[in-house]
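All of these numbers come straight from a predicted model, not from anything done at the bench.
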Amino acid sequence: MLTNSNVQTCIFLLLWGWTMSTESRTQQRVKGVPELYKQGSPVFKRSPDITKSPLTKSEQLLRIDDHDFTMRPGFGGPAIPVGVDVQVESLDSISEVDMDFTMKLYLRHYWKDERLSFPSSNNQSMTFDGRLVKKIWVPDMFFVHSKRSFIHDTTTDNIMLRVQPDGKVLYSLRVTVTAMCNMDFSRFPLDTQSCSLEIESYAYTEDDLMLYWKNGNESLKTDDRISLSQFLIQEFHTTTRLAFYSSTGWYNRLYINFTLRRHIFFFLLQTYFPATLMVMLSWVSFWIDRRAAPARVPLGITTVLTMSTIITGVNASMPRVSYIKAVDIYLWVSFVFVFLSVLEYAAVNYLTTVQERKERKMREK
């Protein structure tokens, strides 16, 4: 017969054995878990996700509704400094006929707007796309003497806005611009052209906005792969000047200057070499018998028409300038030589005919 004390002892032993086996299985499972996922590891110590905090909107975090962003930062005080740097992605085309060039670039602005400062425990910046740009103040830059320009929008607007906790702002956009370039073709095709892209604030004079290159000449970066078929890009450099408008005042203007030297080899093959051959071909008629008119006349006319075609082709790809170009001098001198070869045959044929008539009359007498 089991007594009550024996029954209690058996129950205690059973519970103790079950507890020990459970702890043993738990320890075995913990040993199979990587250290990364144990309590107290860095994975479990993630920084709080600010997007899940009560301030879920960027407008609330930056307190956009608390300020009037139609006015520049520090309105009524000194001019706000706005630094600029540019990275030229490509120089797509140079048009002599339209006297312009097309450039693709990254345009970046730097300034400080304390109205956009926000508290941050880790001093990390916040990056936004173009949707926030319409709600805050940004510099109103435009390209002087530009014909066409646009911000790329594939797959979305290529605009980036980065805000530091202390209110420093980086505003970057990817732009393609076609701007005017005054060219001098008096030495064409041995010419060198100097073009510039000019950046300026549209509304803010130097009293409100101080525009400057952020790192001097180092503010302009270019892709090493930039090349043009007809030009050699000699140098890029930056300058800063003041521009005056009689109605509004003085404005800071930034210049991206670059120099282009034309490749001559294409024109040697397409213009100079054919023109030289036409002149030499016209001289062949000097060795043809003067009585062989069916051979000499077509040869002279063919060289004259070919020179006319070469001159027309060169001028078709050039603007209608009112001064003489270097290539015009060469082509028109060549044309004169060819034309004189035709006149030479006409003169020789006429003088020979007159001489033969005189000789015939002398024999008749």
Establish, from distance only, whether the side-chain atoms of [X] and [Y] form a donor-acceptor pair under 3.5 Å.
{"X": "Y330", "Y": "T276", "value": "yes"}
{"X": "R261", "Y": "T192", "value": "no"}
{"X": "S201", "Y": "D140", "value": "yes"}

Distance check, rounded to the nearest 0.5 Å: [X] atom [atom1] versus [Y] atom [atom2]?
{"X": "M362", "Y": "K358", "atom1": "CE", "atom2": "NZ", "result": "10.5 Å"}
{"X": "N252", "Y": "T240", "atom1": "CG", "atom2": "OG1", "result": "8.0 Å"}
{"X": "M103", "Y": "T222", "atom1": "CE", "atom2": "OG1", "result": "9.5 Å"}

Identify the two heavy atoms, one from [X] and one from [Y], that lie closest to each other, and give their separation to 0.1 Å.
{"X": "V97", "Y": "A316", "value": "CG2-O, 4.5 Å"}
{"X": "D100", "Y": "K147", "value": "OD2-NZ, 3.3 Å"}
{"X": "T238", "Y": "N257", "value": "C-ND2, 4.3 Å"}
{"X": "Y323", "Y": "M183", "value": "OH-O, 3.9 Å"}
{"X": "P78", "Y": "R72", "value": "O-NH1, 3.3 Å"}
{"X": "H263", "Y": "F231", "value": "NE2-O, 3.2 Å"}

Are any non-hydrogen side-chain atoms of [X] and [Y] less than 4.5 angstrom apart?
{"X": "T312", "Y": "T309", "result": "no"}
{"X": "F273", "Y": "L268", "result": "no"}
{"X": "F258", "Y": "L260", "result": "yes"}
{"X": "K214", "Y": "R108", "result": "no"}
{"X": "S285", "Y": "Y345", "result": "no"}
{"X": "F185", "Y": "Q193", "result": "yes"}
{"X": "D85", "Y": "K221", "result": "no"}

Evaluate the side chain to side chain contact (heavy atoms under 4.5 Å, CB included) criterion for residues L105 and E89: first the C-alpha distance (whole Å), next the side-chain angles of each, then the deciding distance (0.1 Å), finally the verdict.
-> CA-CA 5 Å; L105 52 90; E89 182 179 357; 5.9 Å; no

Would you indicate whether [X], at its atom [atom1], is surrounded by more than 12 heavy atoms from other residues, nucleotides or ligands within a distance under 6.0 Å?
{"X": "F337", "atom1": "CZ", "value": "no"}
{"X": "K168", "atom1": "NZ", "value": "no"}
{"X": "F75", "atom1": "CZ", "value": "no"}

Could you check whether the rings of W250 and F244 sit parallel, tilted or perpendicular, using 30° and 60° as the cut-offs?
->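 The rings of W250 and F244 sit tilted, inter-plane angle from 30° to 60°.
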
For the residue pair F335 and F339, categorise the inter-ring angle as parallel (less than 30°), tilted (30 to 60°) or perpendicular (more than 60°).
->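 F335 vs F339 ring planes: parallel.
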
Is M307 linked to I329 within one hydrophobic cluster, defined over Ile, Leu, Val, Met, Phe, Trp and Tyr using a side-chain heavy-atom separation of less than 4.5 Å?
->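 As far as the 4.5 Å side-chain criterion goes, I329 and M307 are connected within one cluster.
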
Do you know which of F142, Y204, Y245 makes ring pair (Phe, Tyr, Trp, His ring centres under 6.0 Å) with Y251?
->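 In the set F142, Y204, Y245, the residue that makes a ring pair (Phe, Tyr, Trp, His ring centres under 6.0 Å) with Y251 is Y245.
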
Does the ring center of F150 lie less than 6.0 Å from the ring center of H152?
->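 Between H152 and F150, which both carry aromatic rings, the centre distance is below 6.0 Å.
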
Does NZ or CZ of R262 come closer than 6.0 Å to the centre of the six-membered ring of F188, within 45° of the ring's axis?
->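 Checked: cation-pi criterion not met.
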
V82 and Y212: CA distance, side-chain angles, deciding distance, side chain to side chain contact (heavy atoms under 4.5 Å, CB included) verdict | CA-CA 6 Å; V82 176; Y212 67 97; 5.6 Å; no

Among R253, H109, M141, whose side-chain contact (heavy atoms from CB on, under 4.5 Å) with I199 holds?
->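 That would be M141.
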
